[in-house]
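Throughout, residue positions are numbered sequentially from 1 according to the sequence presented. Remember, it's 1-based here, ligands and their atoms both numbered in the order they're listed.
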Amino acid sequence: MDMPIPQTKLADPKECGHVTLIDHANDKQYELPVLEGSEGPNVIDVQKLYRDTGYFTYDPGYTSTGSCNSQLTFIDGEKGILRHRGYAIEELAEKSDYLEVCFLLLYGELPTAAQKAEFGREITYHTMVHEQLQYFYRGFRRDAHPMAVMVGVVGALSAFYHESTDIHDLEKRRLATHQLIAKMPTLAAMTYKYSIGQPFIYPRNDLPYSENFLYMTFSVPSEEYKINPVLSRAMDRIFILHADHEQNASTSTVRIAGSSGANPFACIAAGIASLWGPAHGGANQAVLAMLREIGSKDRIPEFIKRAKDKDDPFRLMGFGHRVYKNYDPRAAILRESTHEVLDEVGVKDEPLLDLAIELERIALEDDYFVERKLFPNVDFYSGITLKAMGFPESMFTPLFALGRTAGWIAQWKEMIKDPHQRIGRPRQLFTGPTLRPFVPIEKRS
Ligand code: CMC
């Protein structure tokens, strides 16, 4: 970009007190600093814990562990609050657009009109992908899961755009960031086209971001494609709602991959791999599979019973969240969009939507779900909306990845600039065998 763009600087964490750790076994006492941020719970600084005490902390799943200092996204899970750089997700979804939210996440402020125009031009400029990438696609089976293809092609960007992999050069970092946001829709659309055997459609740079994505996905060279503004608005909103969500599994994967100095394309490919799992981004596809398996309203109690049974691995997909112990604000927004999209495409009665609403109603009244604060999450309604828009279920998680790219790359950028950043390297509690002599093969039983 030609014009100077705002730079963000991480604030140094402020110390606001101490907690005392009493080691009764060794009759010792340690003072641990407590740090405060601008919002949210204070944290106990355990960075020097091992050096000073000889102890590690133990926290599988990192339920109580802050892994970084960040200024991007704030979540209050108890109250159902999600904000990016201080702006409420409800306002962003209503009044902004995805590219503005990308700018906000990357550069800390909503863009001025001039910045927005220039950022849009810059992203547009990078929408095409290297022609050779087409041949890379052809190495995949047509029936490969789109997420498998996305992991491959996004990782391969580091081979096609090698000049952008120098993470120590600010301009190259910026270039890689913009290339990823620009090329992700092209790659996702190509993935879809490849899976159905239709020709790849080149981007049209006169179209806004989400419209261009729908055009590349649904148009064919032989016919004129008319973009439906209700659907492109819904698409843009879905991208906004998925743009960032602080230190979730895939974002933490991106950060930890990047902490070793790996290039941004490789890090985002790692994030895509992590997102694929059904407990994370794969849940949107799993929700529809579950609704179909339930089949009819009269079978809901049977599935609720299964979800509560600890001996049954079945879980209600699209319910529960590590952080939200309240209605996921993204699900509330999407619930509205689902109705708008269904009205627009003329689906008067979508049986899966009726089923979803009934399932939600029953689950929200059930003691098991109420006690555990298990509410619908973003994936509960996104699948129904995307299905109505014409996407096959296997594309749901790639669309999540497309939207989340903004957050992944903004978090990566923030980490690279953090003066306190070190390689991510958790410790462990070892419970395996201690030293024992090697047993020759003839003596093994
Ligand atoms: N159905 C039935 N029981 C559940 C569910 C569910 N969907 N989610 C959590 N529980 C129970 C769980 O069995 C546990 O019960 P208990 O205390 O009796 O052992 C309790 O609720 C707490 O669950 P947890 O597994 O300790 O919670 P977690 O924070 O480790 O897991 C989760 C969060 C999202 C992985 C989980 O709720 C889940 O598997 N949900 C279904 C998958 C899903 O919808 N994922 C999308 C998440 S939102 C999009 C994203 O960010 O990726």
Side-chain angles (χ1 to χ4, degrees), residues 59-65 72-78 80-82 84 89 147 238-255 271-291 293-294 300-335 356 359-360 362-386 393 396-408 411:
D59 186 17
Y62 311 117
T63 46
S64 304
T65 298
L72 287 163
T73 293
F74 174 73
I75 302 176
D76 183 331
E78 299 297 327
I81 287 174
L82 168 62
H84 298 312
I89 190 67
M147 282 300 272
I238 287 174
F239 291 153
I240 294 175
L241 295 179
H242 288 86
D244 192 42
H245 213 234
E246 52 120 303
Q247 309 312 320
N248 54 81
S250 57
T251 302
S252 299
T253 303
V254 169
R255 277 187 178 257
I272 295 173
S274 169
L275 184 76
W276 193 359
H280 193 7
N284 52 16
Q285 183 176 354
V287 168
L288 241 65
M290 174 193 74
L291 290 174
E293 193 188 347
I294 297 176
I300 292 176
E302 180 195 324
F303 282 84
I304 296 266
K305 194 164 161 232
R306 283 187 59 193
K308 298 195 274 192
D309 180 355
K310 295 291 164 211
D311 296 325
D312 188 331
F314 176 79
R315 278 188 166 198
L316 272 198
M317 299 315 283
F319 269 80
H321 198 275
R322 169 59 61 79
V323 182
Y324 291 120
K325 302 302 165 200
N326 201 324
Y327 210 98
D328 178 342
R330 301 166 301 169
I333 299 166
L334 258 183
R335 203 177 196 267
L359 179 64
E360 179 187 346
I362 294 180
L364 291 180
E365 286 171 2
D366 190 290
D367 282 350
Y368 173 95
F369 290 87
V370 173
E371 276 161 21
R372 288 169 182 74
K373 300 188 175 165
L374 299 171
F375 291 88
N377 58 49
V378 69
D379 290 318
F380 193 66
Y381 283 107
S382 63
I384 295 169
T385 319
L386 293 172
E393 286 161 39
F396 294 177
T397 317
L399 295 177
F400 190 151
L402 201 172
R404 185 55 56 85
T405 298
W408 286 333
Q411 298 263 358

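- Residues Phe400 and Gln285 fail the side-chain proximity criterion, which asks for heavy atoms closer than 4.5 Å.
- Residue Thr73 is tested with Glu246, Gln411, His84 for a side chain to side chain donor-acceptor pair (under 3.5 Å); the sole match is His84.
- Counting heavy atoms from C-beta outward, Ser250 and Trp276 have side chains that stay 4.5 Å or more apart.
- Checking side-chain atoms of Asn326 against main-chain N and O of Glu78 turns up a donor-acceptor pair under 3.5 Å.
- When all heavy atoms are compared, the tightest approach of His280 to Ser274 is CD2-O, 3.8 Å.
- At a 4.0 Å heavy-atom cut-off, the residues surrounding ligand 1 are Pro278, Ala279, His280, Gly281, Ala283, Ala307, Lys310, Arg315, Leu316, Met317, Gly318, Phe319, Gly320, His321, Arg322, Tyr368, Arg372, Leu374, Asn377, Val378, Asp379, listed by chain and number.
- A heavy-atom distance below 4.5 Å is not found between the side chains of Leu316 and Leu374.
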